[in-house]
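Below is one structure, written out as structure tokens, with a few remarks after it.
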Amino acid sequence: MTGIQGDWPLYEVFVRGKRGLNHVHVGSLHAADDEMAVRHARDVYTRRNEGVSIWVVRSDAITASSPDEKDPLFAPSGDKVYRHPTFYDIPDDVPHM
Amino acid sequence: MTVAPEADEELQAAFDATIARHDRIEPRDWMPEAYRKTVIRQVAQHAHSEIIGMQPEGSWITRAPSLRRKAILLAKVQDEAGHGLYLYSACETLGISRLELTEMLISGRQKYSSIFNYPALSYADVGTIGWLVDGAAICNQVPLCRTSYGPYGRSMIRICKEESFHQRQGYELLATMMRGTDEQRAMVQESVDRFWWPALMMFGPPDDDSPNTAQSMAWGIKRNTNDDLRQRMVDMTVPQAEALGVTLPDPDLRWNEERQSYDFGSPDWDEFKDVIKGNGPCNAQRIAHRRRAHEDGAWVREAATAFAERGIA
């Protein structure tokens with residue numbers, strides 16, 4: 001996925017919408033360096049107060065899991081229903097549980 | 001790595017199942033090459049339209065009649081740039097680079113919406129473009145928020161939120177002019193007369209002459225046919241035109257009680273094809289302007305690159 005020579009590096013942009021929330025991925029952009037990426041992210045992704053904080057990271061620095069849903073990576077959690085509260089039978093008259 | 005035929009079939013089946021569930025395809029999923037090409041073509045054309053779309057109205061920024069109108073127009077044109085960037089970003093997730101996309105636009109190998117080949121001749125056009133052109137864009141874009149390609153849908157959600165301001169500022173501008181002098185009202189009517197048909201052409205050719213529609217709908221890239229969306233636009237716009245006090249230039253426009261919809265005339269499809277072929281009033285000018293902006297910006301890009309390289313060293 002490398003661009004033609006001359007494209008600036010691609011950065012992924014994450015914005016915190018307001019205090020108390022996680023940064024969320026909003027898209028990507030090109031910039032010559034990290035500082036420019038933050039400035040461009042402000043102009044492109046927060047024109048209407050959508051954020052109080054921005055993270056940018058070069059796309060080529062991200063390591064991702066395989067996109068295939070059947071990937072064995074997620075299989076271990078598939079058969080562990082006892083990790084969910086609904087697995088347990090509690091009598092209806094027991095309060096606050 | 002070569003993929004065995006049976007593995008290929010399995011991948012195709014997984015893709016088909018995702019589409020059938022109305023689920024989203026994400027960038028690193030396997031997808032048929034034709035799907036990838038179709039999404040690239042549609043998203044690129046959409047991105048280019050946003051970028052070229054800055055030009056007709058942009059020419060009025062310095063001539064806006066008040067600071068309020070100037071600030072609004074500036075914000076609107078800046079939004080169009082932003083929309084272009086969201087869409088280029090979505091398109092690049094399909095493995096095409098920004099530079100390739102820019103070069104395909106300025107060399108004319110990829111298209112943009114034919115509407116932007118019409119000039120904005122009077123200040124009323126700023127209002128009409130907001131009302132009718134952005135109105136048509138909204139009709140087109142709202143269903144695209146559910147398009148099957150994830151990054152495209154997410155871009156459309158952001159864009160739709162912002163387009164609403166575009167349409168309302170245009171309508172408010174026209175309403176203000178309609179409360180003005182006879183001359184101002186005439187300007188609005190003349191502008192609506194020029195833009196009505198090109199705005200309806202924005203939905204593309206009629207369904208029986210739209211070869212890509214069936215496949216795009218089967219893939220969930222498009223959610224409605226061109227004619228469906230055109231009808232929706234007409235039905236939404238007629239009451240708005242009445243409230244504004246302008247006439248839409250179509251003698252065949254009338255309410256159809258049976259269909260609970262408006263009947264309307266057919267746009268001049270010969271003109272549409274001619275504009276797409278490059279013979280519209282402003283085709284050459286739009287591309288020349290975009291090319292010049294790109295070339296004039298070369299030294300800025302080079303300087304920033306040099307500065308960044310020095311920072312790393």
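Not measured: the values here are computed from a predicted model. By convention in this document, chain letters (A, B, ...) are assigned in the order of the sequence lines, proteins followed by strands, and residues within each chain are numbered from 1.
- Chosen from Lys161(B), Arg154(B), Arg158(B), Gln78(B), the residue pairing most often with chain A at heavy-atom distances under 4.5 Å is Arg158(B).
- A salt bridge (Lys or Arg N to Asp or Glu O under 4.0 Å) with Lys76(B) holds for exactly one of Glu57(B), Glu163(B), Glu50(B); it is Glu57(B).
- Neither the backbone nor the side chain of Ala31(A) comes within contact range of chain B; no heavy atom of the residue lies under 4.5 Å from a heavy atom of that chain.
- The six-membered or imidazole ring of His48(B) lies near that of Tyr88(B), with a centre-to-centre distance under 6.0 Å.
- Using a 4.5 Å cut-off between heavy atoms, Arg98(B) touches chain A through backbone and side chain atoms alike.
- The aromatic rings of His23(A) and Trp55(A) lie parallel to each other, their planes meeting at an angle below 30°, with 60° marking the opposite boundary.
- Between the side chains of Asp8(B) and Gln12(B), not a single donor N or O lies within less than 3.5 Å of an accepting N or O.
- Between Tyr88(A) and Tyr82(A), the distance from one ring center to the other does not fall under 6.0 angstrom.
- Contact tally against chain B (heavy-atom pairs below 4.5 Å) for His40(A), Met36(A), His30(A): the top residue is His30(A).
- In this structure, no portion of Glu35(A) lies under 4.5 Å from any heavy atom of chain B.
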